[in-house]
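Read the structure below first, then the notes.
Worth knowing before you read on, the calculation uses all heavy atoms, side chains too, and leaves out hydrogens, waters and symmetry mates.
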Amino acid sequence: MKRPKLYIVSTPIGNPDDISLRALKVLKEVDIILCEEYKPARRLLSQYEIVPKELIAINEHNEKESVQDVLNMLLEGKTAALISDCGTPLFSDPGNHLIPKLIDFQVEITALPGANSLLPALVGSGFNTTNFYYYGWLSPKKDIRKRELFELKKRKDLLVIMETPYRLITLLKDVKKYFGDFKQICLAYKLTMTEEKYYRGTVKDVLRDVEKESLKGEFVLLIENR
């Protein structure tokens, strides 16, 4: 019987050419593909002409309940690949209940390197990236968000924040309010896509450009707070 194994597979965040040869090989060979949502997964696999043997959705709504079923299949000797809708799984995506459970049962885990938004944002920012603090996603709740930003302001680091596209202007206004007009930031916008652009400068200037261009797309925000 084959040894149970799970591959954590990164998929493109925008540009389909960013898929790795190793990722394609794994996705073609595994018995099961665990995806965040069926529709994006089927679209992705179709793009690379991959027909999965079995496709199972693991997301924030069912992950806790589905972990045991996935574990049982793997303990039977099956191999699986975990993908998210885009980018690197577990990086602000489902999988944080699944992986520890599999490790407890000595299922072999292999993480493939690949596309993600964090590293391109950092290295293209122009800031010193020797050290940085990745906070991730701010709360959408106003009071909690206020406390989070207040605590982040105290941290003397290069700060990395993620947000949904429709809250881009709101986020920049919040940063302006708590960090001041002239704090240096970099907005890494629509990375790997044809519209990719880095907006560098003060909060005031970047906010002006974003409002002027009515930007609405995936992004990573870096705040130079050292």
Hydrogens and angles aside, do Lys153 and Asn225 bring a side-chain donor and acceptor to less than 3.5 Å of each other?
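No, no side-chain donor-acceptor pair sits under 3.5 Å.
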Among side-chain atoms of Glu76 and Asn72, is any donor-acceptor pair under 3.5 angstrom?
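Asn72 and Glu76 do not have a side-chain donor-acceptor pair below 3.5 Å.
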Are [X] and [Y] grouped together when hydrophobic residues (ILVMFWY) are joined by side-chain heavy atoms under 4.5 angstrom apart?
X      : Y      : result
Leu90  : Leu74  : yes
Leu122 : Trp137 : yes
Ile56  : Phe105 : yes
Leu34  : Leu45  : no
Ile32  : Leu27  : no

With the side chain counted from C-beta on, respond yes when [X] and [Y] share a heavy-atom pair under 4.5 Å apart, and no when they do not.
X      : Y      : value
Gln184 : Phe127 : yes
Pro52  : Val30  : no
Ile223 : Val203 : no
Leu187 : Ile185 : no
Leu55  : Cys35  : yes
Ile33  : Val9   : no
Leu102 : Leu71  : yes
Leu191 : Glu218 : no

If only atom types and distance count, is the side chain of [X] paired as donor or acceptor with the main-chain N or O of [Y] below 3.5 Å?
X      : Y      : value
Thr110 : Tyr7   : no
Ser66  : Ile58  : no
Glu37  : Asp85  : no
Arg226 : Asn128 : yes
Asn62  : Ala57  : yes

In a check of side chain to side chain contact (heavy atoms under 4.5 Å, CB included) between Thr88 and each of Asn116, Ile83, Leu118, Leu119, which one passes?
Asn116
Under the side chain to side chain contact (heavy atoms under 4.5 Å, CB included) criterion, do Leu98 and Glu63 qualify, and how do the steps go?
CA-CA 7 Å; Leu98 176 66; Glu63 184 177 353; 3.8 Å; yes
Please evaluate residues Ile99 and Leu6 with respect to the criterion side chain to side chain contact (heavy atoms under 4.5 Å, CB included), reporting the C-alpha separation (whole Å), side-chain torsions for both, the decisive distance (0.1 Å), and the verdict.
CA-CA 9 Å; Ile99 301 304; Leu6 176 81; 3.4 Å; yes
Would you call the rings of Tyr199 and Tyr189 parallel, tilted or perpendicular if under 30° counts as parallel and over 60° as perpendicular?
perpendicular
Do NZ/NE/NH1/NH2 and the carboxylate oxygens of Asp205 and Arg208 come within less than 4.0 Å?
yes
Is it true that Lys154 and Glu151 have a side-chain N and a carboxylate O under 4.0 angstrom from each other?
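Glu151 and Lys154: salt-bridged.
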So, taking the atom named OH in Tyr133 and the one named CZ in Arg155, what distance separates them when rounded to the nearest 0.5 Å?
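Rounded to the nearest 0.5 Å, the OH-CZ separation comes out at 5.0 Å.
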Evaluate whether atom [atom1] of [X] has more than 12 neighbouring non-hydrogen atoms of other residues, nucleotides or ligands under 6.0 angstrom away.
X      : atom1 : result
Lys142 : NZ    : no
Glu49  : CD    : no
Glu60  : CD    : no

Between Phe91 and Ser117, what is the shortest heavy-atom contact and its length?
CE2-OG, 4.3 Å
Can you give me the closest heavy-atom contact between Lys216 and Pro165, atom names plus distance?
CG-O, 4.0 Å
Identify, with sequence neighbours excluded, every residue that meets side-chain contact (heavy atoms from CB on, under 4.5 Å) alongside Lys141.
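For Lys141, the residues satisfying side-chain contact (heavy atoms from CB on, under 4.5 Å) (neighbours in sequence not counted) are Ser139, Ile144.
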